[in-house]
Amino acid sequence: MAKRVAVVLAGCGVFDGTELHEASAVLDNSPFSPLQAEVYAPNIPQMHVVDHVKGQPTPEQRNVLVESARIARGNIKDLATLDVKGLDALIIPGGFGVAKNLSTWATQGKNCSVSKEVEGVLRAFHAAHKPIGLCCISPVLAAKIFPGCEVTVGHDTECEQWPYAKTAEAMKELGCKHINSQVTEVHVDTQNLLVTTSAFMCNAPIHHIHDGVGNMVREVLRLA
(Lines give C-alpha, C1' and ligand atoms only; values in the text may rest on other atoms or scores of the structure.)
Protein backbone atom coordinates (compact mmCIF):
# COMPACT_ATOMS: atom_id res chain seq x y z
CA MET A 1 0.00 0.00 0.00
CA ALA A 2 1.10 3.54 -0.69
CA LYS A 3 2.45 5.50 2.27
CA ARG A 4 1.18 9.00 2.98
CA VAL A 5 4.23 11.23 2.83
CA ALA A 6 4.35 14.95 3.55
CA VAL A 7 6.64 16.68 1.04
CA VAL A 8 7.68 20.18 2.09
CA LEU A 9 8.75 22.60 -0.63
CA ALA A 10 10.57 25.93 -0.38
CA GLY A 11 9.60 27.73 -3.56
CA CYS A 12 10.26 26.99 -7.23
CA GLY A 13 13.77 27.12 -8.64
CA VAL A 14 17.20 26.04 -7.47
CA PHE A 15 18.62 29.47 -6.58
CA ASP A 16 15.71 30.80 -4.52
CA GLY A 17 13.40 27.84 -3.93
CA THR A 18 13.16 24.06 -4.28
CA GLU A 19 15.35 22.26 -6.82
CA LEU A 20 12.86 21.00 -9.41
CA HIS A 21 14.67 17.81 -10.44
CA GLU A 22 14.92 16.72 -6.82
CA ALA A 23 11.26 17.49 -6.18
CA SER A 24 10.27 15.61 -9.32
CA ALA A 25 12.33 12.58 -8.27
CA VAL A 26 10.59 12.58 -4.88
CA LEU A 27 7.12 12.95 -6.37
CA ASP A 28 7.65 10.22 -8.98
CA ASN A 29 4.90 7.82 -7.92
CA SER A 30 6.31 4.66 -9.52
CA PRO A 31 5.65 1.02 -8.57
CA PHE A 32 9.07 1.03 -6.92
CA SER A 33 8.28 4.06 -4.76
CA PRO A 34 4.59 3.81 -3.87
CA LEU A 35 4.04 7.07 -2.04
CA GLN A 36 0.94 9.19 -1.74
CA ALA A 37 2.42 12.65 -1.55
CA GLU A 38 0.77 15.50 0.33
CA VAL A 39 2.63 18.65 -0.63
CA TYR A 40 3.07 21.57 1.76
CA ALA A 41 4.92 24.88 1.83
CA PRO A 42 5.04 27.79 4.28
CA ASN A 43 2.87 30.78 3.41
CA ILE A 44 5.66 33.33 3.72
CA PRO A 45 7.59 35.76 1.48
CA GLN A 46 10.72 34.43 -0.20
CA MET A 47 14.02 35.82 1.05
CA HIS A 48 14.50 37.17 -2.48
CA VAL A 49 13.85 36.29 -6.12
CA VAL A 50 16.74 35.24 -8.35
CA ASP A 51 16.86 35.64 -12.13
CA HIS A 52 17.88 32.10 -13.08
CA VAL A 53 19.39 33.26 -16.39
CA LYS A 54 21.64 35.93 -14.88
CA GLY A 55 22.04 34.29 -11.47
CA GLN A 56 21.32 37.64 -9.85
CA PRO A 57 18.62 38.82 -7.39
CA THR A 58 15.81 40.97 -8.78
CA PRO A 59 13.51 43.55 -7.13
CA GLU A 60 10.55 41.13 -7.37
CA GLN A 61 8.74 39.76 -4.34
CA ARG A 62 7.21 36.27 -4.35
CA ASN A 63 5.48 33.96 -1.90
CA VAL A 64 6.91 30.53 -1.05
CA LEU A 65 3.53 28.77 -1.02
CA VAL A 66 2.43 30.33 -4.30
CA GLU A 67 5.69 29.49 -6.05
CA SER A 68 5.77 25.94 -4.64
CA ALA A 69 2.29 25.39 -6.07
CA ARG A 70 3.90 25.47 -9.53
CA ILE A 71 5.72 22.23 -8.74
CA ALA A 72 2.68 20.67 -7.06
CA ARG A 73 0.42 21.59 -10.00
CA GLY A 74 -1.70 23.57 -7.55
CA ASN A 75 -2.34 20.62 -5.24
CA ILE A 76 -0.63 22.07 -2.18
CA LYS A 77 -1.43 23.02 1.41
CA ASP A 78 -0.20 25.66 3.82
CA LEU A 79 2.49 24.13 6.05
CA ALA A 80 0.67 25.58 9.06
CA THR A 81 -2.10 23.03 8.50
CA LEU A 82 0.14 19.94 8.52
CA ASP A 83 -0.86 17.34 11.11
CA VAL A 84 1.60 14.50 11.65
CA LYS A 85 -1.28 12.18 12.56
CA GLY A 86 -2.27 10.09 9.56
CA LEU A 87 1.02 10.75 7.80
CA ASP A 88 3.72 8.09 7.53
CA ALA A 89 6.84 10.10 6.70
CA LEU A 90 8.30 13.51 5.81
CA ILE A 91 10.56 14.41 2.88
CA ILE A 92 12.18 17.79 2.18
CA PRO A 93 13.96 18.18 -1.17
CA GLY A 94 16.88 20.58 -1.52
CA GLY A 95 17.53 23.81 -3.35
CA PHE A 96 18.69 27.16 -1.99
CA GLY A 97 15.17 27.85 -0.77
CA VAL A 98 15.86 25.49 2.12
CA ALA A 99 18.78 27.70 3.14
CA LYS A 100 16.96 30.97 2.40
CA ASN A 101 13.24 30.44 3.07
CA LEU A 102 13.04 27.49 5.47
CA SER A 103 16.11 28.63 7.43
CA THR A 104 18.79 31.33 7.43
CA TRP A 105 21.64 28.93 6.63
CA ALA A 106 22.49 30.86 3.43
CA THR A 107 23.41 33.98 5.39
CA GLN A 108 24.35 32.61 8.82
CA GLY A 109 25.65 29.08 8.27
CA LYS A 110 25.89 27.03 11.47
CA ASN A 111 24.56 30.04 13.44
CA CYS A 112 21.32 29.97 11.47
CA SER A 113 17.78 29.67 12.72
CA VAL A 114 15.16 27.32 11.29
CA SER A 115 11.68 28.72 10.72
CA LYS A 116 9.36 27.89 13.60
CA GLU A 117 6.87 26.07 11.34
CA VAL A 118 9.56 23.92 9.72
CA GLU A 119 11.22 23.13 13.04
CA GLY A 120 7.85 22.22 14.52
CA VAL A 121 7.10 19.80 11.69
CA LEU A 122 10.54 18.16 11.92
CA ARG A 123 10.24 17.75 15.69
CA ALA A 124 6.71 16.34 15.36
CA PHE A 125 7.80 13.58 12.95
CA HIS A 126 10.89 12.87 15.04
CA ALA A 127 8.84 12.61 18.25
CA ALA A 128 6.37 10.29 16.51
CA HIS A 129 9.25 8.05 15.36
CA LYS A 130 8.32 8.56 11.73
CA PRO A 131 11.10 8.69 9.10
CA ILE A 132 12.40 11.91 7.61
CA GLY A 133 14.07 12.09 4.19
CA LEU A 134 16.39 15.01 3.42
CA CYS A 135 18.50 15.61 0.32
CA CYS A 136 20.99 18.13 -1.02
CA ILE A 137 21.24 21.06 1.45
CA SER A 138 18.19 20.10 3.52
CA PRO A 139 20.15 17.83 5.93
CA VAL A 140 21.41 21.07 7.52
CA LEU A 141 17.95 21.39 9.07
CA ALA A 142 18.44 18.11 10.94
CA ALA A 143 22.00 19.03 11.89
CA LYS A 144 20.71 22.23 13.49
CA ILE A 145 17.69 20.71 15.25
CA PHE A 146 18.94 17.23 16.23
CA PRO A 147 22.48 17.50 17.66
CA GLY A 148 24.43 14.27 17.34
CA CYS A 149 22.43 13.01 14.37
CA GLU A 150 24.09 11.31 11.39
CA VAL A 151 23.63 12.73 7.89
CA THR A 152 25.35 13.03 4.54
CA VAL A 153 25.70 15.88 2.08
CA GLY A 154 28.24 13.92 0.05
CA HIS A 155 31.89 14.64 0.80
CA ASP A 156 33.68 16.85 3.32
CA THR A 157 36.63 17.75 1.07
CA GLU A 158 35.97 20.49 -1.46
CA CYS A 159 36.83 19.82 -5.10
CA GLU A 160 35.33 20.31 -8.55
CA GLN A 161 32.94 17.40 -8.03
CA TRP A 162 32.00 18.48 -4.50
CA PRO A 163 31.89 22.32 -4.55
CA TYR A 164 29.79 22.63 -1.37
CA ALA A 165 31.82 20.30 0.85
CA LYS A 166 32.36 23.00 3.49
CA THR A 167 28.73 22.42 4.45
CA ALA A 168 29.78 19.10 5.96
CA GLU A 169 32.40 20.82 8.12
CA ALA A 170 29.85 23.35 9.39
CA MET A 171 27.46 20.55 10.32
CA LYS A 172 30.23 18.75 12.20
CA GLU A 173 30.75 21.91 14.24
CA LEU A 174 27.10 21.63 15.28
CA GLY A 175 27.85 18.21 16.76
CA CYS A 176 26.47 16.28 13.80
CA LYS A 177 28.25 13.19 12.44
CA HIS A 178 28.80 13.52 8.70
CA ILE A 179 29.13 10.37 6.61
CA ASN A 180 30.93 10.68 3.28
CA SER A 181 28.97 9.07 0.45
CA GLN A 182 28.63 8.93 -3.31
CA VAL A 183 25.83 10.74 -5.12
CA THR A 184 23.69 7.62 -5.65
CA GLU A 185 24.11 6.47 -2.05
CA VAL A 186 22.08 7.28 1.05
CA HIS A 187 22.88 7.27 4.73
CA VAL A 188 20.35 6.00 7.26
CA ASP A 189 20.55 7.23 10.85
CA THR A 190 18.57 4.38 12.42
CA GLN A 191 18.37 6.06 15.83
CA ASN A 192 16.81 9.26 14.52
CA LEU A 193 15.11 7.70 11.45
CA LEU A 194 16.85 10.18 9.13
CA VAL A 195 17.56 9.23 5.52
CA THR A 196 19.87 11.60 3.63
CA THR A 197 21.52 11.81 0.22
CA SER A 198 23.70 14.45 -1.43
CA ALA A 199 21.82 15.10 -4.71
CA PHE A 200 23.04 18.37 -6.30
CA MET A 201 25.64 18.98 -3.61
CA CYS A 202 27.57 16.95 -6.19
CA ASN A 203 28.37 17.99 -9.75
CA ALA A 204 26.83 14.89 -11.30
CA PRO A 205 24.54 13.96 -14.21
CA ILE A 206 20.85 14.39 -13.50
CA HIS A 207 20.16 10.66 -13.80
CA HIS A 208 22.63 10.02 -10.96
CA ILE A 209 20.85 12.63 -8.86
CA HIS A 210 17.54 10.97 -9.66
CA ASP A 211 18.92 7.56 -8.63
CA GLY A 212 20.16 8.92 -5.29
CA VAL A 213 16.89 10.65 -4.49
CA GLY A 214 14.98 7.54 -5.52
CA ASN A 215 17.09 5.47 -3.14
CA MET A 216 16.33 7.98 -0.38
CA VAL A 217 12.59 7.70 -1.05
CA ARG A 218 12.71 3.90 -0.99
CA GLU A 219 14.57 3.88 2.35
CA VAL A 220 12.08 6.33 3.84
CA LEU A 221 9.19 4.13 2.72
CA ARG A 222 10.93 1.03 4.05
CA LEU A 223 11.17 2.65 7.48
CA ALA A 224 7.60 4.01 7.42
Do any N or O atoms from the side chain of [X] and from the backbone of [Y] form a donor-acceptor pair under 3.5 angstrom?
{"X": "Asn215", "Y": "Asp211", "value": "yes"}
{"X": "Thr18", "Y": "Ala10", "value": "yes"}
{"X": "Glu22", "Y": "Gly94", "value": "yes"}
{"X": "Gln46", "Y": "His48", "value": "yes"}
{"X": "Arg4", "Y": "Gly86", "value": "yes"}
{"X": "Lys100", "Y": "Gly17", "value": "no"}
{"X": "Thr197", "Y": "Glu185", "value": "yes"}
{"X": "Lys3", "Y": "Gln36", "value": "no"}

Hey, quick one: are [X] and [Y] part of the same hydrophobic cluster, counting side-chain heavy atoms closer than 4.5 Å, chains of contacts allowed?
{"X": "Ile44", "Y": "Val49", "answer": "no"}
{"X": "Val14", "Y": "Met216", "answer": "no"}
{"X": "Leu134", "Y": "Val98", "answer": "yes"}
{"X": "Leu35", "Y": "Val186", "answer": "yes"}

If you round to the nearest 0.5 Å, how far is [atom2] of [Y] from [atom1] of [X]?
{"X": "Leu221", "Y": "Asp88", "atom1": "CG", "atom2": "CG", "value": "8.5 Å"}
{"X": "His210", "Y": "His208", "atom1": "NE2", "atom2": "NE2", "value": "13.0 Å"}
{"X": "Lys110", "Y": "Lys144", "atom1": "NZ", "atom2": "NZ", "value": "9.0 Å"}
{"X": "His21", "Y": "Ile206", "atom1": "NE2", "atom2": "CD1", "value": "3.5 Å"}
{"X": "Ser103", "Y": "Glu119", "atom1": "OG", "atom2": "CD", "value": "11.0 Å"}
{"X": "Ile92", "Y": "Cys136", "atom1": "CD1", "atom2": "SG", "value": "12.5 Å"}

**Message:** Let's go through Ile179 and Val151 carefully: what are the C-alpha distance in whole Å and the side-chain angles of both, what is the deciding distance for side chain to side chain contact (heavy atoms under 4.5 Å, CB included) to 0.1 Å, and is it a yes or a no?
**Reply:** CA-CA 6 Å; Ile179 309 297; Val151 297; over 6 Å; no

**Request:** Could you check whether the rings of His155 and Trp162 sit parallel, tilted or perpendicular, using 30° and 60° as the cut-offs?
**Result:** parallel

Contact between [X] and [Y] at the side-chain level, heavy atoms closer than 4.5 Å - yes or no?
{"X": "Val5", "Y": "Leu87", "result": "no"}
{"X": "Val8", "Y": "Leu90", "result": "yes"}
{"X": "Val217", "Y": "Val220", "result": "no"}
{"X": "Leu223", "Y": "Val188", "result": "yes"}
{"X": "Leu122", "Y": "Leu141", "result": "yes"}
{"X": "His178", "Y": "Thr152", "result": "yes"}
{"X": "Ile137", "Y": "Met201", "result": "yes"}
{"X": "Asn43", "Y": "Val64", "result": "no"}

Considering all heavy atoms of both residues, which atom of [X] and which atom of [Y] are nearest to each other, and what is their separation?
{"X": "Glu150", "Y": "Asp189", "result": "N-OD2, 2.8 Å"}
{"X": "Gly55", "Y": "Val50", "result": "C-CG1, 3.9 Å"}
{"X": "Val183", "Y": "Ser198", "result": "CA-OG, 3.5 Å"}
{"X": "Glu158", "Y": "Pro163", "result": "CD-O, 3.6 Å"}
{"X": "Gly11", "Y": "Glu67", "result": "CA-CB, 4.1 Å"}
{"X": "Leu194", "Y": "Ala142", "result": "CD1-CB, 3.9 Å"}

**Request:** Check the pair Ile132 / Ile91 against side chain to side chain contact (heavy atoms under 4.5 Å, CB included), numbers first and verdict last.
**Result:** CA-CA 6 Å; Ile132 299 169; Ile91 295 178; over 6 Å; no

**Message:** Go through it in stages, so that I can follow the logic: the residues are Ile71 and Leu20, the test is side chain to side chain contact (heavy atoms under 4.5 Å, CB included), and I'd like the CA-CA distance, side-chain angles, deciding distance and then a yes or no.
**Reply:** CA-CA 7 Å; Ile71 299 175; Leu20 274 76; 4.2 Å; yes

Test applied, side chain to side chain contact (heavy atoms under 4.5 Å, CB included); reference residue, [X]; option that passes from [options]:
{"X": "Pro42", "options": "Leu102, Asn101, Asp78, Val121", "value": "Leu102"}
{"X": "Tyr40", "options": "Val7, Leu9, Thr81", "value": "Thr81"}
{"X": "Asp16", "options": "His52, Met47, Arg62", "value": "His52"}

**Message:** Check this for me: Asp83, atom CG, are more than 12 non-hydrogen atoms of other residues, nucleotides or ligands nearer than 6.0 Å?
**Reply:** yes

**Request:** Please step through side chain to side chain contact (heavy atoms under 4.5 Å, CB included) for the pair Ile145 and Val114, ending with a clear verdict.
**Result:** CA-CA 8 Å; Ile145 296 171; Val114 178; 4.1 Å; yes

**Asked** So which pairs with a foot in residues 74-127 pass ring pair (Phe, Tyr, Trp, His ring centres under 6.0 Å), sequence neighbours left out?
**Response** His126-Phe146

**Prompt:** Got a salt bridge between Lys166 and Glu169, using NZ or NE/NH1/NH2 to carboxylate O under 4.0 Å?
**Reply:** no

